[in-house]
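Notes for the one structure printed next.
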Amino acid sequence: MSLLQSSVYPPSTLRSSPSLSCAAAHPIASSHRVPSTSNSFVALESSSLKTVNSIWSAKNNRRKGVVGKVRSSLETAGATVGQVTEVTKDTFWPIVNAAGDKTVVLDMYTQWCGPCKVIAPKFQELSEKYLDVVFLKLDCNQENKPLAKELGIRVVPTFKILKHNKIVKEVTGAKYDDLVAAIDTVRAT
């Protein structure tokens with residue numbers, strides 16, 4: 001995930017607060033406004049400024065009686081609990097790092113693999129069953145080849161189970177029962 005992210009804000013939300021200067025509050029907080037084609041601005045901002053904006057929005061919403069959902073660092077990284085999240089060579093490690101001490105299960109597949117297609121719905125069901133586990137899938141295409149090589153894939157589907165950013169178990173092939181046993185074993189540790 002890139003440090004700079006693009007967001008679209010109406011011009012009224014980009015006014016600076018007289019009581020808080022983001023750059024003064026945090027040295028890496030910065031914002032750059034670029035006019036867009038509509039009547040709004042595109043704001044490029046660092047994650048620190050985004051946090052300040054989120055806090056400001058939350059305070060305003062509380063005053064208005066709006067109740068919001070608190071997002072975890074895992075959700076911020078892009079993974080959703082109870083679902084299988086597609087990852088790439090660029091998003092895999094940030095999501096694994098954000099998972100902390102949660103168990104992470106990675107399904108390494110290809111588009112042309114028959115057994116991969118057969119086990120995919122069962123993998124989705126597991127993500128709905130084990131809400132304390134992060135389920136990811138990686139298409140081992142040419143673009144993601146460096147990560148697939150780094151993780152040592154030899155056959156698809158391969159399931160890598162990680163805990164504390166380290167691979168602790170591996171299941172090769174579309175072996176559902178072996179996968180469930182491996183997940184249960186790692187969750188118990």
Side-chain angles (χ1 to χ4, degrees), residues 1-7 26 28-29 44-51 54 69-189:
M1 180 181 280
S2 150
L3 180 63
L4 292 179
Q5 296 185 348
S6 176
S7 304
H26 198 287
I28 65 166
L44 297 175
E45 56 187 30
S46 74
S47 59
S48 297
L49 181 59
K50 206 168 215 176
T51 302
S54 296
K69 178 180 154 188
V70 176
R71 295 180 64 176
S72 70
S73 61
L74 185 59
E75 289 174 313
T76 306
T80 305
V81 175
Q83 294 181 2
V84 178
T85 303
E86 182 82 32
V87 294
T88 65
K89 63 181 173 50
D90 299 321
T91 61
F92 174 71
W93 285 113
I95 290 174
V96 170
N97 291 332
D101 62 349
K102 287 187 176 200
T103 301
V104 177
V105 182
L106 175 66
D107 173 9
M108 301 175 76
Y109 73 99
T110 60
Q111 296 290 328
W112 49 264
C113 168
C116 299
K117 292 176 185 177
V118 170
I119 201 159
K122 294 178 182 177
F123 191 68
Q124 176 63 40
E125 288 173 12
L126 288 175
S127 74
E128 295 165 6
K129 178 181 175 184
Y130 294 107
L131 298 178
D132 60 330
V133 176
V134 178
F135 287 85
L136 307 174
K137 64 181 183 175
L138 176 74
D139 185 355
C140 295
N141 56 22
Q142 195 63 31
E143 182 181 314
N144 295 317
K145 189 175 182 178
L147 178 59
K149 246 181 160 174
E150 177 186 343
L151 296 174
I153 187 168
R154 298 193 190 289
V155 63
V156 292
T158 294
F159 299 92
K160 301 281 186 172
I161 303 174
L162 297 93
K163 189 86 167 198
H164 303 290
N165 299 342
K166 293 185 177 139
I167 298 170
V168 292
K169 287 262 186 210
E170 178 180 291
V171 176
T172 56
K175 302 172 189 161
Y176 179 77
D177 293 335
D178 292 353
L179 178 59
V180 170
I183 292 170
D184 288 337
T185 301
V186 174
R187 284 178 65 226
T189 60

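If you read the sequence from its start, that first residue is 1, and numbering goes on from there. Quick caveat, the model's predicted, so the values are computed rather than measured.
Each of V133, L162, L126 was evaluated against V105; a single residue qualifies, V133, per the side chain to side chain contact (heavy atoms under 4.5 Å, CB included) test.
In this structure, K129 NZ and F135 CZ are separated by 9.5 Å, a value rounded to the nearest 0.5 Å. Annotation: the span from I183 atom CD1 to D178 atom CG amounts to 11.0 Å, rounded to 0.5 Å. Note that the CZ atom of R154 and the NZ atom of K149 stand 11.0 Å from one another [nearest 0.5 Å]. Summarising the geometry, atom NZ belonging to K145 is positioned 14.5 Å from atom CD belonging to E150; distances are rounded to the nearest 0.5 Å. Note that CG of D90 is 7.5 Å distant from CD of E143, once rounded to the nearest 0.5 Å. The line from NZ of K122 to OG of S127 is 15.0 Å long, rounded to the nearest 0.5 Å.
The two residues G82 and Q124 make their nearest non-hydrogen contact at O-NE2, 3.9 Å. Pairing each heavy atom of C116 with each of T110, the nearest pair is SG-N, 3.9 Å. In plain terms, the two heavy atoms of A148 and M108 that are nearest each other are CA-CE, 3.8 Å. For P157 against A174, the heavy-atom pair with the smallest separation is CG-N, 3.7 Å.
Here the side chains of I167 and I161 are not in contact, with every heavy-atom distance at 4.5 Å or above. Residues T172 and K175 are in side-chain contact: their nearest non-hydrogen atoms beyond the backbone lie under 4.5 Å apart. For the pair F92 and L106, the minimum side-chain heavy-atom distance is below 4.5 Å. Side-chain contact between L136 and I95 is present, with heavy atoms from C-beta onward closer than 4.5 Å. By the 4.5 Å heavy-atom criterion applied to side chains, Y130 and E128 are not counted as neighbours.
Counting only distance, with no hydrogens or angles, the side chain of T91 and the backbone of V87 share no donor-acceptor pair below 3.5 Å. K160 places a side-chain N or O within donor-acceptor distance of the main-chain N or O of L151, the cut-off being under 3.5 Å.
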* Pair F159-F123, ring pair (Phe, Tyr, Trp, His ring centres under 6.0 Å): steps then yes or no -> CA-CA 10 Å; F159 299 92; F123 191 68; 5.5 Å; yes
* Give the C-alpha distance, both sets of side-chain angles, the deciding distance and a yes or no for side-chain contact (heavy atoms from CB on, under 4.5 Å) between T185 and K169. => CA-CA 9 Å; T185 301; K169 287 262 186 210; 3.9 Å; yes
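N144 and D139 share no donor-acceptor pair across their side chains, judged by distance under 3.5 Å alone.
For D132 and R187, the salt-bridge test passes: some basic side-chain N is under 4.0 Å from an acidic carboxylate O.
Counting heavy-atom neighbours within 6.0 Å of K163 NZ, excluding the residue itself, gives a total above 12.
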